[in-house]
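Note that the structure is a prediction, hence the values are computed from the model and not measured. Quick note on labels: first sequence line is chain A, next is B, and so on, each numbered from 1.
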Amino acid sequence: MTHIQFVIAAYGIALLCLISLVVITWAKHRRLLRQLKLVHSLVDYES
Amino acid sequence: MNLYSLAQPKKLEHSLTIIMPLAYGISFILFAAGLYLALISSPADYQQGDSVRIMYIHVPASWFALFIYGFMGLSSAAFLVFRIPIAAYMAQAAAPVGAVYAFISLATGSIWGKPMWGTWWVWDARLTSMLVLFFMYLGYMFLLESSDDKEKALRISSFLAVIGLVNLPIVKFSVDWWYTLHQPASVFKMEGPSIHGSMLKPLFCMASAYLSLFIALVCNRLKGILLSHKIRGLQAKLTWQGES
């Protein structure tokens, strides 16, 4: 492997990890917001 | 507004709603600028050639893997001593970010080591203590999920986080205390940085990017933790309404 290939591999892995972390965090947050909306509507329906 | 008012979930949530998008925006700009400076604008090293560019992604990840563990340990100590639940939630929010940064440090360091040292890995003091730090992060996160009793799990994992603080000076000073393959400090030392300004600029730009991304992600995850508590409270109310 040439030096450039090592650089590309390193940056590729790092950016993949960071982007995955951001995407997973956002997705979890959106899932919780949907869950909150559902539970709110259930509480309103019950009362 | 004083610092203690941030321990109230409603006030904290309001602050997080303001800080989070700002931090994400700033981190995006800083990463774009940092990547340009690191990959295009900065010079190659006279010995390492273009491999030196791995420094700009490896070194800030290492710095913040240590910083985030320190943040986690101090937050956990605040939770155990002062019984502030928000402090434990902040540690909980920071852990995965720190674990990813530690993984990036290990992976990019390994990739840098192959062309420079001729090996992907050596069991020298710096690399081994950094690997231990990564395992401490994983241990903290697994302990949090280990029990159905969330309060108990939070207390046990907080103890682990505080005990793990002993590893931070070991990681930092390992290159001074032992004869290691990993080079000694080049930036944060008594005599001042020994690397050229043309390389310091992209390094600090990427470090700022890592920091702002950490702030954005912790705010995001903390909001998620507060949301899940709200949901649990409403579910308990639903159960109570159903029973009555």
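- Annotation: side chain of A/Ile13 is not in contact with side chain of B/Ile104 (no heavy-atom distance under 4.5 Å).
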**OP:** List the steps and the verdict of side chain to side chain contact (heavy atoms under 4.5 Å, CB included) for B/Leu227 and A/His29.
**Re:** CA-CA 8 Å; B/Leu227 265 176; A/His29 189 66; 3.6 Å; yes

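- Of all heavy-atom pairs spanning B/Gln48 and A/His3, the tightest one is O-ND1, 3.0 Å.
- Note on B/Ile54, B/Asn220, B/Val97, B/Leu217: by heavy-atom pairs under 4.5 Å with chain A, the leading option is B/Asn220.
- With a 4.5 angstrom heavy-atom cutoff, A/Leu15 touches chain B only via side-chain atoms.
- Note: B/Ile231 leads B/Thr108, B/Val100, B/Ile231, B/Asp50 in heavy-atom pairs under 4.5 Å with chain A.
- A/Leu32 approaches B/Ser228 most closely through the heavy-atom pair CD2-CB, 4.0 Å.
- The closest donor-acceptor contact from the side chain of A/Tyr11 to the backbone of B/Arg53 lies under 3.5 Å.
- When heavy atoms are compared at a cutoff of 4.5 Å, B/Lys237 approaches chain A solely by way of its side chain, counted from C-beta outward.
- Heavy-atom contacts from other residues, nucleotides or ligands closer than 6.0 Å to CZ of A/Arg30 number 12 or fewer.
- For the atom pair A/Gln35 CD and B/Arg232 CZ, the distance stands at 10.5 Å (nearest 0.5 Å).
- Atom NE2 of B/His14 sits in a sparse spot, with 12 or fewer heavy atoms from other residues, nucleotides or ligands closer than 6.0 Å.
- Across all non-hydrogen atoms, the minimal contact from A/Ala14 to B/Ile57 is CB-CG1, 3.5 Å.
- For the set B/Tyr24, B/Phe103, B/Tyr210, the count of heavy-atom pairs under 4.5 angstrom toward chain A peaks at B/Tyr24.
- Looking at B/Met20, only its side chain comes within 4.5 Å of chain A, counting heavy atoms on both sides.
- Under a cut-off of 6.0 angstrom, the local environment of CG in B/Asp149 is crowded, with over 12 non-hydrogen atoms contributed by other residues, nucleotides or ligands.
- Distance CZ/B/Arg221 to CD1/A/Ile24: 10.0 Å, rounded to 0.5 Å.
- The minimum heavy-atom distance between A/Phe6 and B/Ile111, with the atom names listed, is O-CG2, 3.3 Å.
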**OP:** List the steps, then state whether side chain to side chain contact (heavy atoms under 4.5 Å, CB included) holds for B/Leu213 with A/Leu21.
**Re:** CA-CA 10 Å; B/Leu213 184 62; A/Leu21 186 59; 5.8 Å; no

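- Contact of the B/Leu39 side chain with the A/Val7 side chain is registered, since non-hydrogen atoms from C-beta on lie closer than 4.5 Å.
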Original post:
Should A/Leu42 and B/Leu234 be marked as a side chain to side chain contact (heavy atoms under 4.5 Å, CB included) after you check the CA-CA gap, both sets of side-chain angles, and the distance that decides it?
Top reply: CA-CA 9 Å; A/Leu42 281 172; B/Leu234 286 171; over 6 Å; no

